[in-house]
Amino acid sequence: MTKSTWTVGDRFAELGTPWFTLIGEHIQTDHQTLDYWRVEKADSVIVLPIQGDRILLPPALYRPGLGTETLDFPGGRCLSSQSRPEVAQQLLQRELGTEPGAIATLKPLNSRGWPVNSSFSNQKLYGFRAELQPGPIANLGSAYSADTTGINNLLTDLTCLQCRMVLMEWWRSKM
């Protein structure tokens, strides 16, 4: 089997925004030149917050891409210059209103990041599990039992694919 070659040629377009950079390039294959578009954007961090035997979620948020509110775990972007664990802690404080000492343990679910859409974007997803100390959560939207029934109910309600991936990876690691 012969391996095909791909060569990135000239960049014919670039549009930079605070959120992403859209890039148009010519890519040469063995047989043709393609106009190819891709996006460069910051990586995602999603935190699965667990307190005792419950999985916690902040209140549902409006998502402009879907035109509706969705349930999501605390999450956001992480620039290459930022520490992912520090971003995870900030996300819990911002979205659940946790106090600085509320996190008992914070463990990564993956160390290299999962490509979100490798054919179109350089973005990776980093998942964390946060075990929270007992106590009130200032901005709690909902809670699900961290057992099989609760996970199945949460998977019914959770539409975000990245959030589902973090939940499933955590659940798989428990097996």
Side-chain angles (χ1 to χ4, degrees), residues 16-21 38-66 69-148 150-155 157-175:
T17 76
W19 291 94
F20 65 89
T21 300
R38 63 185 177 87
V39 171
E40 291 181 350
K41 61 194 297 187
D43 293 332
S44 294
V45 170
I46 294 181
V47 185
L48 175 69
I50 301 171
Q51 187 180 53
D53 62 352
R54 302 179 315 151
I55 298 171
L56 309 180
L57 288 96
L61 289 174
Y62 179 78
R63 299 299 184 190
L66 298 175
E69 288 185 344
T70 64
L71 284 178
D72 300 286
F73 294 125
R77 300 283 180 244
C78 182
L79 302 175
S80 59
S81 61
Q82 295 176 294
S83 158
R84 288 185 287 274
E86 288 178 18
V87 169
Q89 292 173 9
Q90 293 167 3
L91 292 168
L92 288 169
Q93 289 172 352
R94 180 184 78 197
E95 297 191 27
L96 283 178
T98 60
E99 297 296 325
I103 301 171
T105 61
L106 181 68
K107 294 187 178 179
L109 295 171
N110 61 342
S111 58
R112 295 190 325 206
W114 298 298
V116 173
N117 182 349
S118 62
S119 68
F120 182 67
S121 172
N122 67 328
Q123 180 187 16
K124 292 180 183 172
L125 167 62
Y126 292 89
F128 285 86
R129 180 191 83 218
E131 297 282 344
L132 303 180
Q133 302 280 4
I137 301 297
N139 197 28
L140 181 62
S142 55
Y144 290 77
S145 176
D147 60 16
T148 302
I151 300 295
N152 285 324
N153 290 338
L154 180 52
L155 285 169
D157 297 340
L158 198 61
T159 59
C160 168
L161 187 58
Q162 291 184 47
C163 294
R164 291 173 64 89
M165 176 63 194
V166 167
L167 178 63
M168 295 301 292
E169 186 65 18
W170 168 76
W171 188 246
R172 184 191 67 79
S173 73
K174 291 180 52 130
M175 301 281 173

Looking at Q51 and G135, what are the two nearest heavy atoms and their distance?
-> NE2-O, 2.9 Å
Do you know the tightest heavy-atom contact between S111 and R84?
-> O-NH2, 4.1 Å
Give, for atom CD1 of I55 and atom OG of S142, the distance between the pair rounded to the nearest 0.5 Å.
-> 10.5 Å
For residues D43 and K124, report the shortest heavy-atom separation together with the two atoms involved.
-> OD1-N, 2.9 Å
Can you list the steps and then say if I137 with L132 is a side-chain contact (heavy atoms from CB on, under 4.5 Å)?
-> CA-CA 10 Å; I137 301 297; L132 303 180; 4.1 Å; yes
Taking E95 for the side chain and G75 for the main chain, is one N or O donor matched with an acceptor at less than 3.5 Å?
-> yes
How many angstroms lie between CD in Q162 and CG in L125, if you round to the nearest 0.5 Å?
-> 5.0 Å
Hey, are the side chains of V45 and Q82 touching, using non-hydrogen atoms and a 4.5 Å cut-off?
-> no
With a 4.5 Å limit on heavy-atom distance, are the side chains of L155 and M168 in contact?
-> yes
Would you check if there is a donor-acceptor pair between the side chains of R77 and S44 at a distance under 3.5 Å?
-> yes
Shortest non-hydrogen contact between P58 and L96, atoms and distance | N-CD2, 3.6 Å
Got L57 and L154 here, is their nearest side-chain heavy-atom distance under 4.5 Å?
-> yes
Distance col, row N117:CG vs N122:CG, nearest 0.5 angstrom, shows 10.5 Å
Which is it for F73 and L91 under the side-chain contact (heavy atoms from CB on, under 4.5 Å) test, yes or no, and what are the steps along the way?
-> CA-CA 10 Å; F73 294 125; L91 292 168; over 6 Å; no
What distance do F128 atom CZ and L48 atom CG have between them, rounded to the nearest 0.5 Å?
-> 12.5 Å
Closest approach of W19 to K41 (non-hydrogen atoms, all atoms of both residues) | O-CB, 3.8 Å
Passing candidate, side chain to side chain donor-acceptor pair (under 3.5 Å) with Y144, options D53, D157, N152 = D157
Testing Q89, R129, E86 for side-chain contact (heavy atoms from CB on, under 4.5 Å) with L106, which one passes?
-> Q89
Within 6.0 angstrom of Q133 CD, more than 12 heavy atoms from elsewhere = yes
Rounded distance (nearest 0.5 Å) linking atom CZ of R63 with atom OG1 of T159 = 9.0 Å
Measure the spacing between SG of C163 and CG of L158 and express it to the nearest 0.5 Å.
-> 5.5 Å
Shortest non-hydrogen contact from Q123 to A42?
-> CG-O, 3.4 Å
Applying side-chain contact (heavy atoms from CB on, under 4.5 Å), run through W170 and I151 and close with a yes or a no.
-> CA-CA 11 Å; W170 168 76; I151 300 295; 3.6 Å; yes
Given side chains that start at C-beta, do those of P100 and Q93 come closer than 4.5 Å, heavy atoms only?
-> yes
Given the options N139, L56, T98, L92 meets side-chain contact (heavy atoms from CB on, under 4.5 Å) only with T98
